[in-house]
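Written below as structure tokens is the structure these notes are about.
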There are 2 protein chains.
Amino acid sequence: MHADLGRIVGSDHVERDVVVADASGLDGRAAALVRPATAEQVAEVVTWCYARGVAMVPVGGRTGYAGGCVPLRESVAVALDRLDRVRALDAGLWRMEAEAGVTTATVARRAREAGLLFPPDPGAGESSQLGGNVATNAGGPHAFKYGVTGAWVTGLEAVLAPGELVTVGGPVRKDVAGYDLRALLVGSEGTLGIVTAAHLRLVPAPELALPVLATYATVADGCAAIEAVLSSGVVPAAIEYLDRRALAASPPPHVGGETPAMAVVVEVDGTEDGARAAQAEVREALEEAGPLDLVVIDEPEVRAFWRWREGVSLGVRAARGEKLSEDVAVPVDRLGEAIEGVLEIGARHDLEACSWGHAGDGNLHATFLLDAGDEPQRARADDAAQELFALARELGGTVTGEHGIGVLKDGQLRHQWAPAAVEAHRAIKRALDPRDLFNPGKKLP
Amino acid sequence: MHADLGRIVGSDHVERDVVVADASGLDGRAAALVRPATAEQVAEVVTWCYARGVAMVPVGGRTGYAGGCVPLRESVAVALDRLDRVRALDAGLWRMEAEAGVTTATVARRAREAGLLFPPDPGAGESSQLGGNVATNAGGPHAFKYGVTGAWVTGLEAVLAPGELVTVGGPVRKDVAGYDLRALLVGSEGTLGIVTAAHLRLVPAPELALPVLATYATVADGCAAIEAVLSSGVVPAAIEYLDRRALAASPPPHVGGETPAMAVVVEVDGTEDGARAAQAEVREALEEAGPLDLVVIDEPEVRAFWRWREGVSLGVRAARGEKLSEDVAVPVDRLGEAIEGVLEIGARHDLEACSWGHAGDGNLHATFLLDAGDEPQRARADDAAQELFALARELGGTVTGEHGIGVLKDGQLRHQWAPAAVEAHRAIKRALDPRDLFNPGKKLP
């Protein structure tokens with residue numbers, strides 16, 4: 001195996017017997033990890049594996065939270081990090097073509113340098129890679145206004161079974177010639193093929209983005225504030241929230257005193273004048289719901305403010321050393337019930353719980369705080385997570401809004417979808433990966 | 001057959017031996033046309049047909065341009081027009097759930113009455129239905145800023161083989177629990193199942209939308225103007241164009257004198273102040289390219305202006321009585337070549353040609369003008385269309401940006417995609433419709 005794979009990618013780029021882990025804490029062992037340099041080499045690796053019945057696990061920045069890149073059985077891990085070229089950037093035409101191993105931060109930076117915006121902003125952008133963003137259909141705070149990764153992908157280059165390099169879509173912005181294979185690969189977690197490059201749509205960067213943070217004495221008040229913002233006529237770029245325990249673990253800048261029950265962050269963007277006018281309207285809406293405190297953030301504080309927001313997950317983890325976080329999503333009018341429900345589930349399992357997340361999209365990072373190494377606590381958290389998934393479904397939502405099924409939510413889909421839809425999911429997997437060699441064991445319904 | 005189907009939908013809602021046509025001029029005969037009143041009745045009809053190997057053709061507003069609703073063999077036509085309920089409209093939450101038979105105009109009007117916008121605006125909105133919009137992933141001028149129909153669908157209710165009513169997604173705005181069946185059904189032209197309802201995302205309506213029209217002496221100047229607009233930093237809501245012959249057939253309001261080579265229409269929207277500021281920037285960009293004439297349209301003229309734009313297709317048809325129009329799309333930097341190419345192809349086949357369309361999306365309505373009933377001319381136009389498809393592919397584009405493959409572009413996909421991608425398309429069809437009964441003969445690769 002190693003010699004054959006070395007002939008494809010170069011022997012320096014094959015490692016034997018490698019442990020691959022992601023941010024979920026899961027790990028697994030691959031018989032080999034190969035690092036192809038080109039899409040053609042990826043196709044050759046897939047051809048070699050597919051012909052021999054060898055499973056493949058695509059590996060990006062290893063920042064996932066569902067075990068998507070963790071090998072479950074004798075596998076070849078296919079790391080995409082050497083496919084790191086931005087193949088084309090057409091600033092005047094609002095588009096970029098980038099390989100799967102380009103980091104999310106590099107895509108964003110290259111766009112920004114051209115006066116453009118690549119809006120998806122999942123966490124860990126310095127490490128996470130475009131291929132993984134596509135495979136999970138990654139979101140982030142600004143998905144509220146701009147949509148998730150898939151909304152910005154106009155074409156994909158990918159290797160399909162049994163080792164064919166294909167391109168669907170491209171720099172063209174509209175295309176209904178075939179079934180939307182592009183959209184099918186987006187979010188498929190590497191189980192239908194391996195994405196090697198993406199054609200991205202970009203948009204002129206807003207001149208200014210301005211957040212407002214308001215705190216509330218109750219979750220009900222915070223949710224009323226969110227609905228007031230939605231009724232204001234303004235289209236915010238992001239609507240985020242944190243509950244009391246999350247705020248305590250990661251206090252926002254410029255907010256003192258007793259920790260409130262809920263903080264709501266609303267960012268608007270646009271031209272300088274437009275953003276300021278919208279910020280005033282948002283402020284008025286947030287004030288309607290009777291905030292404890294309201295902080296208008298302006299330049300030069302905006303970047304520091306978002307760095308705080310990006311650090312919330314780490315802050316919550318640090319509170320006790322470990323955590324179990326799940327990314328359920330619910331219709332936005334059920335957000336309050338979901339936030340309270342997380343706390344109730346935690347209490348039933350004797351676990352400290354909290355949540356924060358993308359309020360406008362009804363997307364919670366529902367979290368149980370754990371002491372490192374406490375196995376009974378971890379087992380209770382696993383049980384609590386099952387109740388959380390049930391709660392999300394009861395509220396008309398989904399077990400995963402951002403991270404995907406991976407290994408950790410294995411089997412959840414069949415509680416969420418009707419049997420015929422689950423069967424359609426399975427039929428698509430069989431149709432495109434008849435030997436079950438693309439990331440086997442992942443995204444199982 | 002008719003008695004059994006009558007027991008499901010009521011005998012008043014079964015017609016025998018019906019001719020079904022769409023706007024392409026194609027027609028075909030169905031053994032029966034049924035008009036179910038509910039999604040459950042659609043499921044019963046599909047169950048009956050699927051068990052007996054009877055083909056089904058979903059029929060919406062019959063406004064398609066590719067023969068999508070035209071029966072090709074012994075079929076049951078399933079008309080969705082009685083599924084005409086807006087099941088829910090949550091203004092404060094920016095969402096609507098509507099059945100497949102609700103007209104596009106009704107969806108837009110109900111949204112507007114709630115202060116919201118449903119952006120997809122394909123032609124013939126008074127007749128076209130939401131189910132057909134979903135099945136074709138319909139676009140329109142404002143897809144440039146807002147995206148096509150699929151971008152606004154968060155969930156679908158559909159009947160899959162062999163007659164199962166399922167819902168994928170819903171009012172939740174983010175969901176990566178399963179493969180994106182929603183996106184796969186969008187644009188599948190009824191070949192994978194029958195859509196019965198959609199959960200739609202809406203957005204607060206802009207306060208003001210302001211078009212600017214500029215005319216140019218050459219296509220090159222017009223295309224330079226479009227690129228200047230794209231480089232201005234403004235995000236227009238729509239960027240449209242018409243070439244000389246299209247302008248002659250359907251002269252724009254407020255423009256006199258000799259017909260120019262090209263007109264470019266750029267609309268901006270937003271708050272009152274924001275739209276006016278953006279209009280000024282767009283005007284400046286359009287002036288850079290040296291227009292012959294430039295008309296700033298303002299209230300109360302905006303609606304009348306768009307009514308003119310919507311009438312272009314009819315105006316062009318009326319020029320000689322008939323036309324053949326194809327909706328190819330190319331990367332926007334190849335638009336000029338495509339516009340000139342249409343004229344050259346026309347000239348080679350001794351046909352008067354023209355084009356207009358969604359310039360910002362590189363989407364042309366490339367048209368050959370025909371005399372009604374002139375069969376040799378029609379045959380030359382069919383040959384010319386094949387060259388047009390080849391041109392779109394050569395320019396890195398697609399044979400269809402809006403209308404779909406239907407019957408008319410049957411077999412084009414295999415020239416556009418690699419064989420493995422075409423095989424994936426076929427494998428998906430076999431997986432979800434193993435008996436080939438959903439709209440057979442349509443969207444064939």
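Below, read A as the first sequence line, B as the second, and so on, with proteins coming before strands; counting in each chain starts at 1.
- A418(B) touches chain A through its side chain: at least one heavy atom from C-beta onward sits under 4.5 Å away, while N, CA, C and O do not.
- In this structure, D180(A) CG and D180(B) CG are separated by 8.0 Å, a value rounded to the nearest 0.5 Å.
- Here T167(B) contributes atom OG1 and Q416(A) contributes atom CD; the two are 11.5 Å apart, rounded to the nearest 0.5 Å.
- Heavy atoms closer than 4.5 Å to chain A are found in the backbone of V330(B), but not in its side chain.
- Heavy atoms closer than 4.5 Å to chain A are found in the backbone of T136(B), but not in its side chain.
- With a 4.5 Å cut-off on non-hydrogen atoms, K145(B) does not touch chain A at all.
- Residue with the most contacts toward chain A among R182(B), K409(B), R426(B), K443(B): K443(B) (heavy-atom pairs, distance under 4.5 Å).
- Using a 4.5 Å cut-off on side-chain heavy atoms (C-beta onward), E164(B) and E423(A) make no contact.
- Of the atoms belonging to V234(B), it is backbone heavy atoms, and not side-chain ones, that fall under 4.5 Å from chain A.
- Side-chain contact between L230(A) and W94(B) is present, with heavy atoms from C-beta onward closer than 4.5 Å.
- Both the backbone and the side chain of V332(B) come within less than 4.5 Å of a heavy atom in chain A.
- Interface residue D175(B): backbone and side-chain heavy atoms are both found under 4.5 Å from chain A.
- Looking at A151(B), there are no atoms closer than 4.5 Å to chain A (heavy atoms on both sides), in backbone or side chain.
- Between L184(B) and I428(A), some side-chain heavy-atom pair lies under the 4.5 Å cut-off.
- The two residues L432(B) and A427(A) have their closest heavy-atom pair at CD2-CB, 4.4 Å.
- E227(B) places a side-chain heavy atom less than 4.5 Å from the side chain of L93(A).
- Across every non-hydrogen atom of V168(B) and A421(A), the tightest pair is CG1-CB, 4.2 Å.
- Distance OG1/T271(B) to CD/E281(A): 8.5 Å, rounded to 0.5 Å.
- Of the possible polar contacts, one joining the R173(A) side chain to the F144(B) backbone as a donor-acceptor pair under 3.5 Å is found.
- In this structure, the portion of R95(B) lying under 4.5 Å from any heavy atom of chain A is its side chain and not its backbone.
- Proximity to chain A is limited to the side chain of H358(B), based on heavy atoms less than 4.5 angstrom apart.
- Tested against K174(B) for a side chain to side chain donor-acceptor pair (under 3.5 Å), the candidates T398(A), N363(A), T400(A) yield a single pass: N363(A).
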